[in-house]
Amino acid sequence: MTELKINPHFEDFIYDWDHTNYLLVGGYGSSKSFNTALKIILKLLSEKRTALVVRNTFETHRESTYALFREIVKDHLELHNQFNFTLNPMQILFPNGSKIIFKGGDSTEKLKSLVNISVIWIEECSEIREEVYHELKGRLRHPTLSLHTLLSTNPVSKDNWTYRFFFKDDLKNYFRLNDEELYEKRIIKLEDTYYHHSVVTDNKFATDKYIEALQETKEYDPDTYRIKFEGRFGFSGLRVFSQFQTMPHDEIIEKIRKIQNPSRKCGMDFGFATSYNCLVKLVIDKNENILYIHYEYYDKNKTDPETAEDLKDFAFTKELIKGDSAEPKTIRYFRQQGFNMRSARKYKGSRLQYTKKVKRFKKIICSDACPNVIRELQWLTFKKDSKGIIKEDEFSTDPHSLSAIWYALDDYDHIDLKGDKMKELTKESLGIW
């Protein structure tokens, strides 16, 4: 076996097997995939083990992970004659009886028959579903050998399960690690998890031309630069509300108090098992064209009577609540309980029109007492179709708080720079039904 040339930033990672989980977060060309594959090869050469390598779809292995293992064995270790690489089934057999098998994460049924797996590598782990990750962890079992899961990814949205599971999830009030601390320290060993951050400049084999090409994206595509060069989590895609910002609750209440003739609105989206009941309270500063969000109710798995009990103060104050017109029975129930609730208009194209209405505010300022609104809207991005074209009425997640805001603004009309009201040109606004 030839002498190995290892990137110094990865040396500790390659030889560390004291942890259960290894999470590698990094930019393009940082060599995290190469060094993960090398780590697995060296481990399986020293101990007889079976390793499982997973990508979201099985078809992507042949030109990525499978080819990478073959390159390392042939060109870097010069041991190709001692290994057996097969495509049907796709696997790599080691001279000592160790084995690497490859599977796709898009079919959990194909994972259930796996036995004696002691090492799992999930490449591009942000692309698989969280339930697949937990299914894979259940496949990790061996009577005598230590068990290890390795995950590698280019960081995408903070709403991705990888970030929520290994860093923090505001919705569940869950915290493990601040990602900014990882970017600063680069390697963090926290309980059973080894965190590793890398960028292209950590790869001493990357060419200057490749590094310059990644650096150039900063000028024309900051989002791409964040992911590809800096290797940082954030948001991915075109933000829906670039004017969204947060503010301490006491400060936002003080600003609302100073507004002359504020417009106060309430909206509610209904849910139960898989979606949420979400009620928001808004205040609009018409003169400054600022939308303030200062209250949220966000819960699920509750019956209408339970939700009504939670919100009984609204029945007392008689604040007008605009609700989802697709739930007339629910609205009728709340009205019977003394709530001043009315149906908001919904019509073909209303999602787009309502979104445009929200986007027309110069600022959207949200209280830090509304963590679910912040989680859903701060980094909300538009979906794209198969050709990469933005869908202006579809989003990266299902934001229940945005639906509640839509309904709250149902009867609100912006004032343009000339002082004229801007009406939504819909059949309903024109009186055509």
Side-chain angles (χ1 to χ4, degrees), residues 170 239-270 276-299 307 310-325 331 334 338-346 350-351 353-380 399-417 419-424:
D170 292 332
R239 283 181 71 185
V240 179
F241 304 115
S242 59
Q243 73 275 51
F244 186 94
Q245 56 187 271
T246 62
M247 183 178 289
H249 186 70
D250 291 344
E251 292 183 25
I252 206 171
I253 295 301
E254 181 62 20
K255 284 186 174 293
I256 289 173
R257 189 182 64 79
K258 295 178 180 179
I259 299 173
Q260 293 184 351
N261 300 317
S263 178
R264 301 179 184 273
K265 305 287 183 180
C266 291
M268 186 168 184
D269 188 33
F270 303 114
Y276 287 80
N277 284 309
C278 179
L279 186 149
V280 295
K281 293 178 69 173
L282 317 174
V283 174
I284 301 167
D285 185 337
K286 296 180 180 179
N287 294 329
E288 298 296 329
N289 193 28
I290 297 176
L291 176 66
Y292 292 95
I293 308 167
H294 64 96
Y295 170 90
E296 71 168 32
Y297 171 81
Y298 201 94
D299 212 340
T307 303
D310 289 345
L311 299 173
K312 60 185 178 182
D313 288 348
F314 287 84
F316 177 76
T317 61
K318 301 299 181 184
E319 295 174 75
L320 175 61
I321 303 170
K322 286 296 189 80
D324 184 354
S325 61
I331 291 175
F334 275 90
F339 288 79
N340 182 15
M341 187 176 288
R342 299 284 189 276
S343 295
R345 295 173 301 161
K346 289 181 77 170
S350 63
R351 288 171 57 91
Q353 295 302 325
Y354 278 136
T355 302
K356 287 182 176 180
K357 182 183 286 190
V358 181
K359 285 177 67 65
R360 287 195 188 111
F361 287 103
K362 182 171 68 175
K363 294 181 181 179
I364 302 172
I365 303 178
C366 184
S367 164
D368 61 5
C370 306
N372 295 289
V373 176
I374 294 171
R375 176 184 58 82
E376 290 187 339
L377 300 190
Q378 187 169 33
W379 305 115
L380 185 68
H400 306 287
S401 56
L402 179 56
S403 297
I405 293 170
W406 286 343
Y407 307 145
L409 297 175
D410 172 52
D411 57 358
Y412 178 76
D413 292 308
H414 283 273
I415 297 177
D416 68 12
L417 295 177
D420 298 325
K421 287 193 173 183
M422 298 168 63
K423 296 285 187 180
E424 301 290 355

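One is the number of the first residue; the rest follow in order along the sequence.
Of all heavy-atom pairs between His249 and Ser367, the closest is ND1-OG, 2.7 Å. Here the closest heavy-atom approach between residue Pro399 and residue Leu377 is recorded as CB-CD2, 4.1 Å. Looking at every heavy atom in both residues, Phe339 comes nearest to Leu311 through CE2-O, 3.2 Å. Of all non-hydrogen atoms in Asp368 and Pro248, the two that sit nearest each other are OD2-CA, 3.3 Å. Closest non-hydrogen pair, Cys278 versus Ala404, comes out as O-CB, 3.6 Å.
Atom OG1 of residue Thr307 and atom CG of residue Leu279 lie 10.5 Å apart, to the nearest 0.5 angstrom. Between Ile374 atom CD1 and Trp379 atom CH2 the span is 11.5 Å, to the nearest 0.5 Å. To the nearest 0.5 Å, atom CG of residue Leu282 and atom CD of residue Glu296 are 12.0 Å apart. Here the CG-CZ distance, from Leu402 to Phe241, works out to 4.5 Å after rounding to the nearest 0.5 Å. With values rounded to the nearest 0.5 angstrom, Asn277 atom CG is found 8.0 Å from Asp269 atom CG. For the atom pair CZ (Arg375) and SG (Cys366), the distance works out to 12.0 Å, reported to the nearest 0.5 Å.
When side chains are defined from C-beta on, Ile284 counts as touching Leu409, because their heavy atoms get closer than 4.5 Å. Between Leu291 and Lys357 the shortest side-chain heavy-atom distance does not fall below 4.5 Å. A heavy-atom distance below 4.5 Å is found between the side chains of Arg351 and Trp406.
Among residues two or more places apart in sequence or in another chain, the ring pair (Phe, Tyr, Trp, His ring centres under 6.0 Å) test is passed with Phe270 by none. Among residues two or more places apart in sequence or in another chain, the salt bridge (charged side-chain N to carboxylate O under 4.0 Å, His left out) test is passed with Lys318 by none. Annotation: salt bridge (charged side-chain N to carboxylate O under 4.0 Å, His left out) contacts of Lys363 (sequence neighbours excluded): none. With sequence neighbours excluded, no residue satisfies ring pair (Phe, Tyr, Trp, His ring centres under 6.0 Å) with Tyr407. Scored by the side-chain contact (heavy atoms from CB on, under 4.5 Å) test, Ser343 finds Ser325, Ile331 as partners (sequence neighbours excluded). With sequence neighbours left out, Asp310 forms a salt bridge (charged side-chain N to carboxylate O under 4.0 Å, His left out) with Lys302. For Lys362, the side-chain contact (heavy atoms from CB on, under 4.5 Å) test picks out Glu288, Asn289, with sequence neighbours left out. Ser403 is linked by a side chain to side chain donor-acceptor pair (under 3.5 Å) to nothing, counting only residues two or more places apart in sequence or in another chain. Residues meeting the side-chain contact (heavy atoms from CB on, under 4.5 Å) test with Asp250, sequence neighbours left out: none. Listed by chain and number, the residues in a ring pair (Phe, Tyr, Trp, His ring centres under 6.0 Å) with Tyr292 amount to none (sequence neighbours excluded). Remark: Asn340 engages Arg342 in a side chain to side chain donor-acceptor pair (under 3.5 Å) (not counting sequence neighbours).
No hydrogens or angles considered: a donor-acceptor pair under 3.5 Å links the side chains of Tyr298 and Glu376.
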Using the rule given for side-chain contact (heavy atoms from CB on, under 4.5 Å), can you reason through Glu251 versus Ile365, listing the C-alpha separation, both sets of side-chain angles and the distance that settles it, and then say yes or no? CA-CA 11 Å; Glu251 292 183 25; Ile365 303 178; over 6 Å; no
Start with the C-alpha distance between Arg345 and Asp411, add both sets of side-chain angles, then the distance that settles salt bridge (Lys or Arg N to Asp or Glu O under 4.0 Å), and finish with yes or no. CA-CA 9 Å; Arg345 295 173 301 161; Asp411 57 358; over 6 Å; no
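Judged by distance alone, the side chain of Lys286 and the main-chain N or O of Asn261 form no donor-acceptor pair under 3.5 Å. The main-chain N or O of Phe244 is never found under 3.5 Å from a side-chain atom of Gln378 such that the two would form a donor-acceptor pair. Looking only at distances, no side-chain donor or acceptor of Lys346 sits under 3.5 Å from a matching main-chain atom of Asp324.
No more than 12 heavy atoms of other residues, nucleotides or ligands lie within 6.0 Å of NZ in Lys312, so this atom counts as exposed by the packing criterion.
Ring centers of Phe314 and Tyr295: under 6.0 Å apart, within the cut-off.
The salt bridge (Lys or Arg N to Asp or Glu O under 4.0 Å) pairs that include a residue from residues 276-285 are Lys281-Glu319, where partners are two or more places apart or lie in different chains.
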